[in-house]
J.: 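For reference, the structure I am asking about is given below.
Below, read A as the first sequence line, B as the second, and so on, with proteins coming before strands; counting in each chain starts at 1.
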Protein chains: 2
Amino acid sequence: MAPLSEQVRLAEVAAVVGEPARAAMLLALGDGSALPAGELAACAEVSAATASEHLLKMLDAGLVRVERQGRHRYYRLASAEVAELLESLMVVAHRSPEPRRQVRVPPQLRTARSCYKHLAGRLGVAVCDALSGRRCIEVEEGLAVVTAGGLRFLEDFGVDVTRLRSHPATRTCIDWSERRPHLGGAVGVAIHRRCLELRWIRPHLDSRAISLTPAGVRGFHAVFGFDPARFAAAVERLPASLSRA
Amino acid sequence: MAPLSEQVRLAEVAAVVGEPARAAMLLALGDGSALPAGELAACAEVSAATASEHLLKMLDAGLVRVERQGRHRYYRLASAEVAELLESLMVVAHRSPEPRRQVRVPPQLRTARSCYKHLAGRLGVAVCDALSGRRCIEVEEGLAVVTAGGLRFLEDFGVDVTRLRSHPATRTCIDWSERRPHLGGAVGVAIHRRCLELRWIRPHLDSRAISLTPAGVRGFHAVFGFDPARFAAAVERLPASLSRA
DNA sequence: CCCACGTTTCGGCGCCGCCCGAAGCATTCC
DNA sequence: GGAATGCTTCGGGCGGCGCCGAAACGTGGG
């Protein structure tokens with residue numbers, strides 16, 4: 001009955017995440033961006049003092065890192081492992097029955113969002129499906145293997161595939177809102193980056209949601225075959241000033 | 001700032017896990033076995049009444065399932081996703097700096113343990129390394145691809161490889177105690193099952209730790225090339241009555 | 001049928017941790 | 001230098017949650 005320390009530490013980490021204000025902050029950092037303490041306080045809807053305490057605890061628990069920049073302190077997730085932990089929690093949380101209350105995923109998040117460094121939500125799943133349908137990838141539980149045709153496709157799309165030739169596999173994650181897999185790992189990250197480069201997508205400032213630009217609608221139609229109407233809800237309607245570079 | 005419901009539920013799930021007694025119970029169930037409420041109370045070192053409350057909360061949160069058998073109630077993890085969540089937590093918990101206190105992983109667990117349905121700990125990592133060294137698998141971040149030689153090796157070992165021919169890749173997990181990858185996914189499960197079949201390993205009753213049988217020592221030496229002395233600490237010293245079938 | 005046992009429900013106690021306002025540092029801007 | 005800004009530290013209040021013993025419930029055994 002010895003194994004104490006491991007249990008204790010697991011519980012400690014979970015307890016740190018398991019506080020609404022802290023969870024809100026972690027989710028705000030979920031796409032890997034760095035935010036100053038004040039903004040995180042606003043995300044969690046608590047005072048600066050309270051937020052500071054929470055941030056200290058998350059630092060101690062190894063969930064976040066901080067770097068000073070002038071009189072700001074920018075916090076970000078400590079590692080990709082923490083992002084994975086958050087995803088694992090989302091999967092379980094979204095499936096949990098929880099008697100009455102029905103879950104409502106905010107439509108913006110559900111349509112398209114970033115998951116650390118790759119695409120998720122309906123858009124992420126659609127990309128995965130499109131590649132799978134064109135035999136660019138073979139999807140099975142937890143991972144996807146890029147085919148020879150997939151290599152050419154990705155190269156045409158503008159992704160650097162040199163590393164991919166020797167290691168043609170990549171991870172997939174279960175998408176918590178869609179309950180279907182989307183591409184993660186190196187390939188998922190590369191596609192996400194390429195979409196940003198092409199300005200097909202634009203992350204929101206205040207959440208992990210993603211907008212499609214008009215160019216993105218055309219591009220996803222031309223390259224992946226998406227019905228332009230399918231992601232109409234995600235087409236950017238905000239002035240560019242409200243979006244990230 | 002709308003996305004409330006998702007945050008709330010994530011925090012709820014994490015809070016349920018983030019309580020020492022509940023975490024202890026979850027870890028006791030971590031290998032997928034089913035245990036009655038009373039035994040879980042003992043694992044967590046709380047009264048039956050307290051344990052019952054905890055179990056109710058974990059049921060509500062969708063972390064565990066229960067089935068009645070006579071006057072016992074057997075609890076088990078609700079799904080593989082919950083097991084993955086626990087692993088994610090272990091990874092973060094084990095890496096977290098946490099000022100002074102140094103982590104002590106119980107040696108039994110560190111040497112060999114099961115992780116839901118596959119091998120972990122030093123033994124799990126050693127199997128992964130051995131396969132990798134013999135070019136049976138190509139390991140990269142988050143996954144491993146089985147080579148043609150690997151297919152033959154696994155077939156000789158007695159694993160059913162029919163499905164593997166068309167889908168030659170499998171997941172890897174970061175081992176929280178070794179900080180190195182071990183095999184998960186279908187291949188990891190198959191190897192674990194085969195080792196059980198051959199009676200090379202025997203799970204403990206009271207934790208996820210695993211013993212090697214004398215046959216296991218010989219077998220791992222013959223097939224995977226392990227130094228027999230390397231896992232001497234894990235060789236079963238208990239009477240068989242204390243081990244699971 | 002009654003008792004033994006495993007489990008859950010109830011009531012009440014005690015502590016931990018979340019919260020905020022105010023004060024204390026640090027940094028930048030004028 | 002002084003004032004404004006961003007963040008942290010301190011002190012105290014309050015609510016919630018985990019804990020247990022006792023009692024209720026349900027099942028199986030004699």
J.: Could you give the CD-to-P distance, from Glu12(A) to dC16(C), as a whole number of Å?
T.: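 Spelled out: CD on Glu12(A) to P on dC16(C) is 14 Å.
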
J.: For Arg22(A), give me all partners under salt bridge (Lys or Arg N to Asp or Glu O under 4.0 Å), at least two apart in sequence or on another chain.
T.: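 Result, salt bridge (Lys or Arg N to Asp or Glu O under 4.0 Å) vs Arg22(A): none returned.
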
J.: Among residues at least two apart in sequence or on other chains, which ones pass side-chain contact (heavy atoms from CB on, under 4.5 Å) with Cys128(A)?
T.: Ile137(A), Val139(A), Leu183(A)

J.: Rounding to 10 degrees, work out the angle separating the end axes of the helix from dC1(C)-dG30(D) to dC30(C)-dG1(D) (five pairs an end).
T.: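 The end-segment axes of the helix from dC1(C)-dG30(D) to dC30(C)-dG1(D) are tilted 20° relative to each other.
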
J.: Using the side-chain hydrogen bond (donor to acceptor under 3.5 Å, both in side chains) criterion, which residues pair with Arg71(A)? Sequence neighbours excluded.
T.: none

J.: Check every strand shown and say whether Tyr74(B) touches a base, only sugar-phosphate, or nothing at a heavy-atom separation below 4.0 Å.
T.: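 Nothing: the residue Tyr74(B), judged by heavy atoms under 4.0 Å, touches no strand.
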
J.: May I have the distance from His72(A) (atom NE2) to dT8(D) (atom C1'), rounded to whole angstrom?
T.: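 Going from NE2 in His72(A) over to C1' in dT8(D) covers 15 Å.
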
J.: Take the protein atom CZ of Arg73(A) and the nucleotide atom P of dC25(C), then report the distance between them rounded to whole Å.
T.: 14 Å

J.: If I compare all heavy atoms of Ala23(B) with all of Val17(B), which pair ends up nearest, and what's the gap?
T.: CB-O, 3.6 Å

J.: Using the side-chain heavy atoms of Tyr75(A), tell me which of these nucleotides is nearest: dC19(D), dC19(C), dC7(D).
T.: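 When the side chain of Tyr75(A) is considered, dC7(D) is the closest of dC19(D), dC19(C), dC7(D).
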
J.: Collect all protein-nucleotide pairs involving nucleotides 27-30 of chain D in which both atoms are nitrogen or oxygen and the distance is under 3.5 Å.
T.:
| from | atom 1 | to | atom 2 | distance (Å) |
| --- | --- | --- | --- | --- |
| dT27(D) | O2 | Arg71(B) | NH1 | 3.4 |

J.: With sequence neighbours excluded, tell me which residues meet side-chain contact (heavy atoms from CB on, under 4.5 Å) with Ala83(B).
T.: Leu77(B), Tyr116(B)

J.: One thing to verify: whether Glu19(A) and Lys57(A) come together as a salt bridge, which I'm taking to mean a side-chain N less than 4.0 angstrom from a carboxylate O.
T.: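 No, this pair does not count.
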
J.: What's the closest nucleotide to the side chain of Ser47(B) if the choices are dG18(D), dT8(D), dC20(D)?
T.: dC20(D)

J.: With a 4.0 Å limit, can you tell me whether Thr50(B) has a side-chain N or O closer than that to the phosphate oxygens OP1/OP2 of dC20(D)?
T.: yes

J.: Indicate yes or no: does Asp175(B) engage Arg113(B) in a salt bridge with an N to O separation below 4.0 Å.
T.: yes

J.: Would you classify Ala49(B) as touching base, sugar-phosphate or nothing, given that sugar-phosphate means primed atoms plus P, OP1 and OP2, and contacts are heavy atoms under 4.0 Å?
T.: base

J.: Separation of Glu39(B) atom CD from dC5(C) atom P, in whole Å?
T.: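 The distance from CD of Glu39(B) to P of dC5(C) comes to 17 Å, rounded to the nearest Å.
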
J.: Please report, rounded to the nearest Å, how far the C1' atom of dG18(D) is from the CG atom of Leu56(B).
T.: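 Atom-to-atom, Leu56(B) to dG18(D), this comes out as 14 Å.
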
J.: My understanding is that only residues two or more places apart in sequence, or in another chain, count here; which of them pass ring pair (Phe, Tyr, Trp, His ring centres under 6.0 Å) with Phe220(A)?
T.: Trp200(A), Phe224(A), Phe226(A)

J.: Restricting to nitrogen or oxygen on both sides, can you table the protein-nucleotides 11-13 of chain C pairs closer than 3.5 Å?
T.:
none

J.: Could you pull out all residues at least two apart from Arg180(B) that satisfy side-chain hydrogen bond (donor to acceptor under 3.5 Å, both in side chains)?
T.: Asp129(B)

J.: 5'-most contact on DNA chain C: Leu55(B) or His54(A), nearest heavy atom basis?
T.: Leu55(B)

J.: Check for me whether Arg9(A) meets the cation-pi criterion with Trp176(B), that is, NZ or CZ under 6.0 Å from the six-membered ring centre and within 45 degrees of the ring axis.
T.: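 That pair does not qualify as a cation-pi contact.
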
J.: Starting at CE of Met58(B) and ending at P of dT8(C), how long is that distance when rounded to a whole Å?
T.: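 Between P of dT8(C) and CE of Met58(B): 11 Å.
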
J.: By nearest nucleotide on DNA chain C, pick out whichever of Ala15(A) and Ser52(B) is the more 5' one.
T.: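 Residue closer to the 5' terminus by nearest nucleotide: Ser52(B).
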
J.: If the condition is side-chain hydrogen bond (donor to acceptor under 3.5 Å, both in side chains), which residues does Arg73(A) pass it with, not counting sequence neighbours?
T.: none

J.: Of the nucleotides dT7(C), dG17(C), dC7(D), which one has an atom closest to the side chain of Ala37(B)?
T.: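 The closest nucleotide is dT7(C).
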
J.: Considering residues at least two apart in sequence or located in another chain, which fulfil the ring pair (Phe, Tyr, Trp, His ring centres under 6.0 Å) criterion with His118(A)?
T.: His182(A)

J.: When the distance from CG of Leu35(A) to P of dC7(D) is rounded to whole Å, what number comes out?
T.: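 For the pair Leu35(A) CG and dC7(D) P, the rounded distance is 11 Å.
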
J.: What is the distance, rounded to the nearest whole Å, between atom CD of Glu19(A) and atom P of dG16(D)?
T.: 13 Å

J.: In chain order, what residues pass the salt bridge (Lys or Arg N to Asp or Glu O under 4.0 Å) check against Arg194(A), with sequence neighbours excluded?
T.: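 Salt bridge (Lys or Arg N to Asp or Glu O under 4.0 Å) list for Arg194(A), sorted by chain: Glu197(A).
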
J.: What's Ala48(A) touching, base or sugar-phosphate or nothing? Going by heavy atoms closer than 4.0 Å.
T.: base

J.: At less than 4.0 Å, is any side-chain N or O atom of Lys57(B) found next to OP1 or OP2 of dG18(D)? Yes or no.
T.: yes

